[in-house]
Trainee: 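Attaching a single structure in structure tokens format; questions to follow.
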Amino acid sequence: MTLAFPKFHRNSRALVKRYLTPALYERLALLKTETGFTLDAAIQSGLKNQDSHIGIYAGDAHAYSLFSEILNPIIHEYHAVKETFAHDPGLDQTHLPPLDPDKAFILSSRVRVARNIKGFSFPCHITAGNRNLVESLVSDAIKKIPQDLAGSYLGFKRIPPCEIQDLLTKKQVFPAGDRFQDAAGINRDFPDARGIFTSRDKKFMIWVNEEDHLRIISMESSSDISGVFNRLCRGLDYLSTCLEFAWDKKQGFLTSCPTNIGTAMRAGVHIRLEKLEKNPNILNQLVNQNHLQIRGTSGEKTTVDGAIFDISNTQRLGISGTRIIQNLHTGVAEIIAAEKKL
Ligand code: CIR
């Protein structure tokens, strides 16, 4: 049996389109992972969204080895790593001074990591029953979280529909995923088994069953990126004692989107740059040379409003979490210096 080679949109610049040759497709198309995930399922998002950058999601940990011939070139290009690399998990606390103590530019700092629980399919391929089980495992784990991180879990299914909009505005609920995630199957059964754990001080959160089983987030309205990172490390240290995460010694933590593997960490600031907004060449140069990226004010694939940029790391693989924080600190310090000079 052969399957027809998939047709990507003629304008698509997705990495999956670039690397998926007919010969490679023929080798991989009939394979199934241990949980029954296929290449056709993996590339749905890229096929249905002609503006995809990557266009492929992993349905389980096994997909990373079974479909390595298509995933590895994408991973190497996105993460700018060579063929052979070793994941560096380093999560040593940092003690860098706040970047903007007068709060002239930085509105907030945020660090998140993605994690998936070993033995379960990832969100684009998980069954409804196993998604519920993931939610129970996380709810149990957080019962004994250290006191300074303690808080409460809000399962979205319990929220009356009339309250959802208000909670979305307050960012106490995450919405169903975007059209990229939707095409991949990540939004199935939303809002079942989705929820957010929030610490009492609202600086530590765990999103359950969004793009990954867990999105562990530390954030605050300050420029103390070190403090934010150190809080995340404490939460992660605890969670790692009660949950076993999908992990590979070369590729690090395994996630739905291949752009997140490795540390699975995104560390960034929301920063107001009124002068650099009018000088995009200077800003883009500083961002690129510091391995950072700009996202819109409300996150990925959104616009920049009121000169508020979301600036975060691009590298997640082959680099330690601690190094990511140090690089972000250096890069953002340079950006603030340039803004002050203009
Ligand atoms: C895409 O392929 O464009 C989406 N699945 C998002 C990929 C990850 N984000 C990114 O490159 N900034």
Trainee: Between D100 and S223 (side chain of the first, backbone of the second, donor and acceptor by atom type, cut-off under 3.5 Å), is there such a pair?
Mentor: no
Trainee: Going by distance alone, is a donor N or O of one side chain under 3.5 Å from an acceptor N or O of the other, for S199 and D201?
Mentor: yes
Trainee: Whether the side chain of N290 engages the backbone of N327 through a donor-acceptor N/O pair (distance < 3.5 Å, no angle test) should be reported.
Mentor: no
Trainee: In Å and rounded to the nearest 0.5 Å, what is the CG to CD distance from L276 to E339?
Mentor: 4.5 Å
Trainee: Validate the cation-pi geometry between R295 and F309: distance from NZ or CZ to the six-membered ring centre under 6.0 Å, angle to the ring axis within 45°.
Mentor: no
Trainee: Check whether any side-chain N or O of D102 sits under 3.5 Å from a backbone N or O of A104 as a donor-acceptor pair, and report yes or no.
Mentor: no
Trainee: Please check this pair: side chain of N313 against backbone of A267, looking for a donor-acceptor N/O pair closer than 3.5 Å.
Mentor: yes
Trainee: Give every residue pair that meets the side-chain hydrogen bond (donor to acceptor under 3.5 Å, both in side chains) criterion with at least one member in residues 272-282, sequence neighbours excluded.
Mentor: none
Trainee: Can a side-chain donor-acceptor contact be found between Q181 and Y57 if the only test is distance below 3.5 angstrom?
Mentor: no
Trainee: Under 3.5 Å, is there a donor-acceptor pair linking the side chains of N209 and R194?
Mentor: no
Trainee: Ion pair present between R215 and E211, side-chain N to carboxylate O less than 4.0 angstrom?
Mentor: yes
Trainee: Can R266 and D310 be counted as an ion pair, charged N to O under 4.0 angstrom?
Mentor: yes
Trainee: What heavy-atom pair brings L99 and P101 nearest, and what distance separates the two atoms?
Mentor: C-CD, 3.7 Å
Trainee: Please report the closest heavy-atom contact between V81 and L317, naming both atoms and the distance.
Mentor: CG1-O, 3.6 Å
Trainee: Looking at G268 and I225, what are the two nearest heavy atoms and their distance?
Mentor: O-CD1, 4.0 Å
Trainee: With clusters defined by side-chain heavy atoms of hydrophobic residues (ILVMFWY) lying less than 4.5 Å apart, directly or transitively, does F180 cluster with F174?
Mentor: no
Trainee: State whether E69 and R27 are salt-bridged, where the test is any N-O pair (Lys NZ or Arg NE/NH1/NH2 against Asp/Glu carboxylate O) under 4.0 Å.
Mentor: yes
Trainee: How close do P191 and F156 get, heavy atom to heavy atom, and via which atoms?
Mentor: CB-CB, 3.7 Å
Trainee: Run the salt-bridge test on D192 and R131 with the 4.0 Å N-O cut-off and return the result as yes or no.
Mentor: no
Trainee: Between the main-chain N or O of F67 and the side-chain N or O of H62, is there a donor-acceptor pair closer than 3.5 Å?
Mentor: no
Trainee: H125 and T35: side-chain donor and acceptor closer than 3.5 Å?
Mentor: yes
Trainee: How close do I74 and Y19 get, heavy atom to heavy atom, and via which atoms?
Mentor: CG1-CD1, 3.8 Å
Trainee: Run the salt bridge (Lys or Arg N to Asp or Glu O under 4.0 Å) test on D237 and R234 for me, step by step, so that the C-alpha distance in whole Å, both residues' side-chain angles and the decisive distance to 0.1 Å come before the verdict.
Mentor: CA-CA 5 Å; D237 279 350; R234 277 186 283 119; over 6 Å; no
Trainee: How about Q93: does its CD atom have over 12 heavy atoms from other parts shown lying under 6.0 Å from it?
Mentor: yes
Trainee: Please determine whether a side-chain nitrogen of the Lys or Arg among R231 and E220 lies less than 4.0 Å from a carboxylate oxygen of the Asp or Glu.
Mentor: yes
Trainee: Using atom types as modelled and distance alone, determine if a side-chain donor or acceptor of S139 lies under 3.5 Å from a backbone N or O of E135.
Mentor: yes
Trainee: For S109 and S222, indicate whether the former's side chain and the latter's backbone hold a donor-acceptor pair under 3.5 Å.
Mentor: yes
Trainee: Under a 3.5 Å threshold, yes or no: a donor from one side chain and an acceptor from the other, between S226 and D224?
Mentor: no
Trainee: What's the verdict on side-chain contact (heavy atoms from CB on, under 4.5 Å) for F204 and I216, showing C-alpha distance, side-chain angles and the deciding distance?
Mentor: CA-CA 8 Å; F204 180 78; I216 305 158; 3.7 Å; yes
Trainee: If two hydrophobic side chains count as joined below 4.5 Å and joins carry through other members, does I145 share a cluster with I217?
Mentor: no
Trainee: Y64 vs F122 aromatic rings, parallel, tilted or perpendicular, using cut-offs 30° and 60°?
Mentor: tilted
Trainee: Same cluster for F190 and V208 if Ile/Leu/Val/Met/Phe/Trp/Tyr side chains link at under 4.5 Å?
Mentor: no
Trainee: Between R179 and D51, is there a side-chain N and carboxylate O pair less than 4.0 Å apart?
Mentor: yes
Trainee: According to a hydrophobic-cluster definition based on side-chain heavy atoms being under 4.5 Å apart (Ile, Leu, Val, Met, Phe, Trp, Tyr only), do L254 and W207 belong together?
Mentor: no
Trainee: Taking all heavy atoms of G235 and all of L149, pick out the closest pair and write down the distance.
Mentor: CA-CD1, 3.5 Å
Trainee: Got a donor-acceptor contact below 3.5 angstrom from the K17 side chain to the H9 backbone?
Mentor: yes
Trainee: Would you please indicate yes or no on a ring centroid separation below 6.0 angstrom for F5 and Y25?
Mentor: yes
Trainee: Judged by atom type as modelled, is there a donor-acceptor pair below 3.5 Å linking the side chain of D60 to the main-chain atoms of A63?
Mentor: yes
Trainee: Would you mind telling me which of N116, N260, T255 makes a side-chain hydrogen bond (donor to acceptor under 3.5 Å, both in side chains) with D212?
Mentor: N116
Trainee: Would L107 end up clustered with M205 when hydrophobic side chains under 4.5 Å apart are linked, directly or stepwise?
Mentor: no
Trainee: Just by distance, do the side chain of Y238 and the backbone of A141 share a donor-acceptor pair under 3.5 Å?
Mentor: yes
